[in-house]
> 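Structure incoming, see below.
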2 protein chains.
Amino acid sequence: MEHTPLACSHHDHGHCITDALEAARQLCVGRGVRLTDLRLQVLELIWQNHKPLGAYTLMEMLAKANTRRVAPPTVYRALDFLLEQGLIHRINLLNAFIGCPSPSTKHQSHFLICRACGIAIELNQPELSQQIIGVAQDAGFQVETQSLEVSGLCANCAGNTEHDGHEHGHGHGHE
Amino acid sequence: MEHTPLACSHHDHGHCITDALEAARQLCVGRGVRLTDLRLQVLELIWQNHKPLGAYTLMEMLAKANTRRVAPPTVYRALDFLLEQGLIHRINLLNAFIGCPSPSTKHQSHFLICRACGIAIELNQPELSQQIIGVAQDAGFQVETQSLEVSGLCANCAGNTEHDGHEHGHGHGHE
DNA sequence: ATAGAAAGGTTATAGAGTAACATAGCAGGA
DNA sequence: TCCTGCTATGTTACTCTATAACCTTTCTAT
C-alpha cells in the first residue's frame with residue numbers, strides 16, 4: 001500500500017484488528033458458538049486492511065502463514081461461519097469479504113467502495129435502511145436483506161486525482 | 001412458471017418485450033451504435049420474463065433457438081454491449097442479467113429480488129439515489145454507480161406463503 | 001475495391017463456489 | 001472412562017462464472 005488509502009490514512013489499524021478480534025471472541029462466547037483457530041485466523045487476515053479480500057486470496061494468505069495449503073471448502077466454511085455470525089460482510093460487486101466493525105448490532109450491508117484504492121467503507125445509516133424498507137413496502141415487498149454497494153472514488157483518491165490533473169478515471173495503480 | 005409470479009401476474013408481457021426491443025432499436029440508432037442480430041436476440045431472451053438470467057442460461061437458450069452453439073465470450077460480449085448501453089442491468093447477488101425498462105434515462109440500479117419466485121423488480125426512486133449520494137458526500141466519497149439489491153419476498157409470494165401456512169422459506173419451486 | 005475498425009468465432013484457462021464423502025476433535029452421558 | 005454423536009476440518013472432484021488471446025468475418029467509409 002503505497003499511499004495508505006484514505007480511511008486508512010489516519011488511524012491506528014492495529015487497533016481495528018485487536019478490537020475486532022476481541023469483539024468477535026466475546027460475541028461467540030456469548031452465543032455459545034465456537035470461534036476456532038481457523039475461523040479466527042481467517043477473520044484476522046480479513047482485517048489486515050480495509051479492502052475486501054477474495055476467498056482465493058485468503059487461501060494464499062493462509063498457505064503463506066501456515067505452510068499448509070487449505071482447499072477451497074475449508075476457507076468457504078470459515079467464511080460462512082463468519083457471515084452467519086455477522087462478523088464479516090460479503091461484497092457482491094467484488095466477490096469478496098470484509099470485516100464488520102459492529103458485529104454485535106444487527107444491520108444491513110451498505111458500502112462505499114473506491115474503484116481506485118479498493119477500500120470499502122461501511123455506512124451506518126439506519127434511516128437509509130428504513131427508507132429502503134419503506135419503498136419496498138409500497139411495492140408490497142417484504143424485505144429480508146439489503147445490499148447497497150456504491151462504487152466511486154473515496155476522499156483520498158478523489159483528492160489525489162484532482163491534484164494530479166483533471167483526469168479522474170485511470171485508477172493509478174495501488175497494489 | 002406455475003403461478004405466474006407477481007408483477008408478472010397481471011400484465012401483458014408480450015407488450016413488455018416489444019416495447020423494450022423497440023426502445024432499444026431507437027436508442028441504438030440515436031446513438032449510432034449497432035444493435036446486431038446477436039445482441040438483439042440476447043436482449044429478447046433476457047426479456048422473456050422478469051427474472052434475471054445467467055450468462056450460461058442464455059447460452060443454452062441461444063443454442064436451442066439457433067441450432068448453433070455459442071461460446072461464453074460471444075454471449076459475454078453481447079451482454080457487455082447491452083450493459084454499456086444501459087439496456088440491461090447486472091444483478092450481482094445472482095450473477096445474472098435483467099432487462100431495463102427505461103434505458104433512455106440514466107439511472108441507478110435498484111432492485112427488489114424475490115427469493116421465492118426469482119423475480120426482480122426495478123425501483124425508480126430518484127430521491128433514494130439522491131439520499132445515497134448525500135450520505136456518500138458526507139464521507140467525502142464521489143459516487144459513480146449505485147447498486148441496491150434488496151432480497152426478500154414479493155407481494156405474491158409473501159401472500160401465498162402466508163395463506164399456505166405459517167412457513168416462509170421453502171421457495172416452492174418455480175421453474 | 002480496399003483499408004481499417006468493429007463484431008463475432010474458437011480454444012484454452014482463470015476465478016469462484018459447492019457436492020460428497022472421509023477424518024479428526026470435542027461434547028455429554030452411561 | 002469409554003462410548004456415542006455432533007461439529008469442524010480435510011480431500012477430491014466438479015460446476016458455474018468469466019476472461020485472455022488470437023483468428024476470421026462483416027461493416028463502413030473513403
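Order of the sequence lines sets the chain letters (A, B, ...), proteins ahead of strands, with each chain counted from 1.
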> C:dA16 P sits how many Å from A:L93 CG, rounded?
13 Å
> Give me the residues of residues 66-80 of chain A where at least one heavy atom lies under 4.0 Å from an atom of DNA chain D, by number, or none.
A:R68, A:A71, A:P73, A:T74, A:R77
> Write down the atom of A:C154, the atom of B:F141, and the distance for their closest heavy-atom approach.
CA-CD1, 3.5 Å
> Got more than 12 heavy atoms from elsewhere within 6.0 Å of CG, A:D37?
no
> Rounded to the nearest angstrom, tell me the gap between atom CG in B:L94 and atom C1' in C:dA16.
15 Å
> Between C:dG15 atom P and B:N95 atom CG, what is the distance in whole Å?
16 Å
> Please name the pair of heavy atoms, one in A:L53 and one in A:L45, separated by the smallest distance, quoted to 0.1 Å.
CD1-O, 3.5 Å
> Rounded to the nearest angstrom, tell me the gap between atom CG in A:L83 and atom P in C:dA16.
16 Å
> Whole-Å distance between C:dG15 C1' and A:L58 CG?
14 Å
> May I have the distance from B:M59 (atom CE) to D:dT19 (atom C1'), rounded to whole angstrom?
13 Å
> If you take all heavy atoms of A:V75 and A:M59, which pair is closest and at what distance?
CG1-CG, 3.5 Å
> Give me the atom names and distance for the closest heavy-atom approach of B:C157 to B:C114.
SG-SG, 3.7 Å
> I need the minimum non-hydrogen distance between B:P101 and B:E122, along with the two atoms involved.
CD-OE1, 3.1 Å
> Could you tell me the separation between the CD atom of A:E84 and the P atom of D:dT7, rounded to a whole number of Å?
12 Å
> Should B:W47 and B:L38 be counted in the same cluster of Ile, Leu, Val, Met, Phe, Trp and Tyr side chains packed under 4.5 Å apart?
yes
> Would you say B:I119 ends up clustered with B:F111 if hydrophobic residues are merged whenever their side chains have heavy atoms under 4.5 Å apart, either directly or through other cluster members?
no
> Within this structure, what is the CD-to-P distance between A:E60 and C:dA14, rounded to whole angstrom?
13 Å
> Identify, with sequence neighbours excluded, every residue that meets side chain to side chain contact (heavy atoms under 4.5 Å, CB included) alongside B:V135.
A:L123, A:Q125
> Can you sort out which residues in residues 21-39 of chain B have a heavy atom within less than 4.0 Å of DNA chain D? Ascending by number, please.
B:R34
